[in-house]
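Quick notes on the structure that follows.
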Amino acid sequence: MNIVSRTKEKQIRLKREDFMENPYPLYESLRGISPIYKGSMLKQPGWFVTGYKEAALILKEPSFFTRIPLPRSTEKYGHLKRAQSKMMLYMNNHDHRKLRLLVNKGFTPKQVEEFKPLIEKITHSLLDELIVKKEFDVVSEFAFPLTSLVIATILGVPEEDRKRFRVWASALLQSIDFSRSHKTLEESDRLIGELNDYFTLVIDKKRKKPCNDLISKLIKEEDKITNEELIATSILLVIAGHETTVNLISNTVLAFAKHPAQWELLKSDSSLVAPSIEEVLRYESPTQLTARVAMKDTEIAGHQLTSGDQIYLMLGAANRDPEVFEKPNEFIISRKSIPHLSFGMGAHFCLGSTLARLEAQAALAALLQRLNTYELVSNQIKWRKLMGFRSLEQLRIKTFNTSK
Ligand code: HEM
């Protein structure tokens with residue numbers, strides 16, 4: 001299927017598969033026409049924003065806080081619709097602030113720092129087993145067990161359930177992707193029903209026997225959070241707190257495999273671990289797209305937007321805007337400043353950014369210390385067929401000169 005974007009000046013045709021493999025040429029073509037471009041993609045009309053300045057303006061502007069809800073034709077997906085309506089990602093103003101303030105207590109820098117020893121321990125014990133194998137899949141054998149164990153611990157759900165988290169998170173990511181089909185929505189609706197039942201049981205158990213985890217803490221705030229909001233928040237955290245961080249870690253390993261000189265530079269200066277993660281967030285952002293709907297007529301960067309217009313913010317494109325980043329298509333870990341938009345901006349700025357950064361930095365530091373040298377098993381890189389996320393199917397690497 002072709003992705004077709006049309007303006008008065010130009011028509012851009014691109015095979016959907018080619019876009020999934022490498023979206024950056026399309027972003028550049030769109031930005032070349034206009035950083036905020038009116039057209040349509042996959043039959044969706046709207047404004048496609050590829051400019052950094054324009055994307056940041058829209059993310060910060062209250063008349064654009066509302067995310068695009070599920071289309072009317074999906075009214076029948078009751079579980080999905082109900083859960084989304086109780087997720088902070090889809091809420092605005094007072095309701096949003098109230099829920100965000102409450103859940104944020106579990107994700108403050110001080111709170112997240114407490115997880116550092118656990119994250120480092122999991123990272124090293126995973127590598128203890130993997131380096132003996134000499135060849136492994138970074139996605140399923142390293143990034144996924146690390147992030148799912150961390151989010152399962154934060155929420156306070158049993159460790160043995162984490163394999164189900166992977167299935168849930170992976171399938172549900174597709175339900176919020178631009179490329180979603182009725183089949184994926186149907187499947188996601190069924191899974192949300194399952195998750196709903198699962199968290200209802202978990203919450204019931206914790207009500208009777210509270211522990212020191214986030215769900216137990218939120219139960220104590222019963223007067224500020226409803227049971228439905230608590231279930232929806234737990235579901236949101238499983239999806240948001242998991243899949244994107246798996247992608248950040250895997251994209252980091254891929255970026256360094258493809259840029260050996262940058263890996264050597266990192267080996268010579270480990271203070272570049274944190275800036276490297278920022279550069280991966282910019283260069284291969286796990287979240288490529290987020291969407292909004294205009295709540296009133298508004299002018300943005302000289303364009304008149306009308307109430308009801310749909311806006312697609314291409315974060316992965318904004319992160320490569322040459323107006324802001326020198327040599328935007330190059331992976332350079334020693335950049336002086338990396339103000340990427342990968343965690344969004346404004347009222348909905350990613351709640352888990354501190355945790356995601358900590359996990360990815362710990363993973364990279366451990367890989368640096370233990371792997372020394374690695375290479376890809378194959379240069380055939382397989383990206384999942386998603387438009388809003390940069391997500392590898394798998395990433396097999398071979399390791400050399402590893403350290404115990
Ligand atoms: C590399 C990893 C991650 C990336 C790239 C990422 C990206 C994002 C982005 C772009 C948004 C804003 C969406 C919008 O404005 O439309 C967002 C929101 C959010 N993220 Fe993340 N995220 C990551 C990891 C996490 C983690 C680890 C958690 C929690 C454990 C988390 C929880 C959330 C939540 C709850 C929101 C909604 C905030 C709100 O609506 O106020 N994310 N994330």
Side-chain angles (χ1 to χ4, degrees), residues 49 55-56 58-62 64-69 84 86-108 111-112 115 119 143 146-155 165 169 173 176-178 213-215 218 229 232-252 277-293 310-316 318-319 340-364 388-391:
V49 183
I58 292 171
L59 284 167
K60 283 189 295 189
E61 167 58 52
F64 295 114
F65 282 171
T66 307
R67 289 175 69 85
I68 297 178
Q84 282 195 351
K86 301 289 171 199
M87 284 178 186
M88 74 176 87
L89 196 58
Y90 290 85
M91 289 178 168
N92 289 310
N93 305 322
H94 173 73
D95 293 345
H96 172 257
R97 266 194 306 276
K98 187 197 78 172
L99 195 54
R100 178 157 174 135
L101 264 175
L102 207 58
V103 182
N104 192 43
K105 288 184 192 164
F107 293 95
T108 59
Q111 189 68 49
V112 168
F115 289 108
I119 293 171
L146 168 62
T147 55
S148 54
L149 201 52
V150 172
I151 195 67
T153 309
I154 292 177
L155 289 175
F165 272 41
L173 197 69
I176 48 173
D177 193 65
F178 193 52
D213 52 61
L214 185 59
I215 293 184
L218 290 174
E229 284 171 345
T233 300
S234 306
I235 297 176
L236 175 63
L237 292 174
V238 171
I239 312 169
H242 178 171
E243 191 68 42
T244 43
T245 316
V246 171
N247 297 335
L248 175 57
I249 295 170
S250 317
N251 295 356
T252 300
I277 295 302
E278 298 310 300
E279 178 63 350
V280 177
L281 280 159
R282 182 198 73 79
Y283 178 77
E284 205 77 277
S285 177
T287 307
Q288 291 279 314
L289 183 125
T290 188
R292 296 288 191 271
V293 57
Q310 309 218 331
I311 299 135
Y312 298 95
L313 299 151
M314 304 179 118
L315 304 176
N319 286 344
H340 59 75
L341 295 181
S342 303
F343 290 123
M345 196 181 241
H348 290 279
F349 180 80
C350 177
L351 186 91
S353 62
T354 310
L355 177 66
R357 283 179 163 129
L358 184 65
E359 287 183 69
Q361 288 169 13
L364 180 58
F389 301 92
R390 202 71 178 133
S391 174

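Counting starts at 1 for both ligands and their atoms, in listed order. Please read all numbers here as calculations on a predicted model, not as lab measurements.
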Quiz item: Which atoms of ligand 1 sit under 4.0 Å from any heavy atom of Ser342?
Solution: 5 (C), 7 (C), 10 (C)
Exercise. Specify whether His242 and Phe165 have parallel, tilted or perpendicular ring planes, treating 30° as the upper limit for parallel and 60° as the lower limit for perpendicular.
Key: tilted
Quiz item: Atom CD1 of Ile119 and atom CD of Gln361: how far apart are they, to the nearest 0.5 Å?
Solution: 10.0 Å
Practice problem: For Ile151, take its heavy atoms, then give the atoms of ligand 1 lying under 4.0 Å from any of them. | Solution: 30 (C)
Quiz item: Mind counting the protein N, O or S atoms sitting less than 2.8 Å from atom 21 (Fe) of ligand 1?
Solution: 1
Exercise. Show which atoms of ligand 1 fall inside a sub-4.0 Å distance from at least one heavy-atom site of Leu89.
Key: 13 (C), 37 (C), 40 (O)
Quiz item: Is it the side chain, the backbone, both or neither of Arg100 that has a heavy atom closer than 4.0 Å to ligand 1?
Solution: side chain
Exercise. Look at atom 40 (O) of ligand 1 and say which protein heavy atom is nearest, naming residue and atom and giving the distance to 0.1 Å.
Key: His348 ND1, 2.6 Å
Self-check item: 4.5 Å side-chain heavy-atom contact, Val103 and Leu236
Solution: no
Quiz item: Quick one: CG on Leu237 to CG on Leu214, what's the gap to the nearest 0.5 Å?
Solution: 6.5 Å
Quiz item: Which ligand 1 atoms does Leu248 reach within 4.0 Å, using its non-hydrogen atoms?
Solution: 1 (C)
Self-check item: Options Met345, Arg292, Arg390, Met91, ranked by nearest heavy atom to atom 15 (O) of ligand 1, top entry
Solution: Arg292
Quiz item: Given the rule in the side-chain contact (heavy atoms from CB on, under 4.5 Å) test, do Ile154 and Leu355 qualify, once you have shown the distances and angles that lead to the verdict?
Solution: CA-CA 11 Å; Ile154 292 177; Leu355 177 66; 3.6 Å; yes
Quiz prompt | From CA spacing to verdict: side-chain contact (heavy atoms from CB on, under 4.5 Å), Arg390, Leu248 | solution = CA-CA 9 Å; Arg390 202 71 178 133; Leu248 175 57; over 6 Å; no
Quiz prompt | Heavy atom of Ala347, distance to ligand 1 below 4.0 Å | solution = yes
Quiz item: Is there side-chain contact between Arg100 and Met91, with heavy atoms separated by less than 4.5 Å?
Solution: no
Quiz item: Going by the atom numbers of ligand 1, which of them fall below 4.0 Å from some non-hydrogen atom of Leu236?
Solution: 35 (C)
Quiz item: Looking only at heavy atoms of Tyr90, does any of them come nearer than 4.0 Å to an atom of ligand 1?
Solution: no
Exercise. Inspect the contact between Lys98 and Glu229 and indicate whether a charged nitrogen and a carboxylate oxygen are less than 4.0 angstrom apart.
Key: yes
Quiz prompt | Side-chain heavy-atom pair Leu315, Leu59 within 4.5 angstrom cut-off | solution = yes
Quiz item: What is the closest protein heavy atom to atom 13 (C) of ligand 1, and at what distance does it sit?
Solution: Arg67 NH1, 3.8 Å
Quiz item: Quick one: does Asn247's side chain get under 4.5 Å of Ser391's, heavy atoms only?
Solution: yes
Quiz item: Can you find a pair of side-chain heavy atoms, one from Leu341 and one from Leu313, that are under 4.5 Å apart?
Solution: no
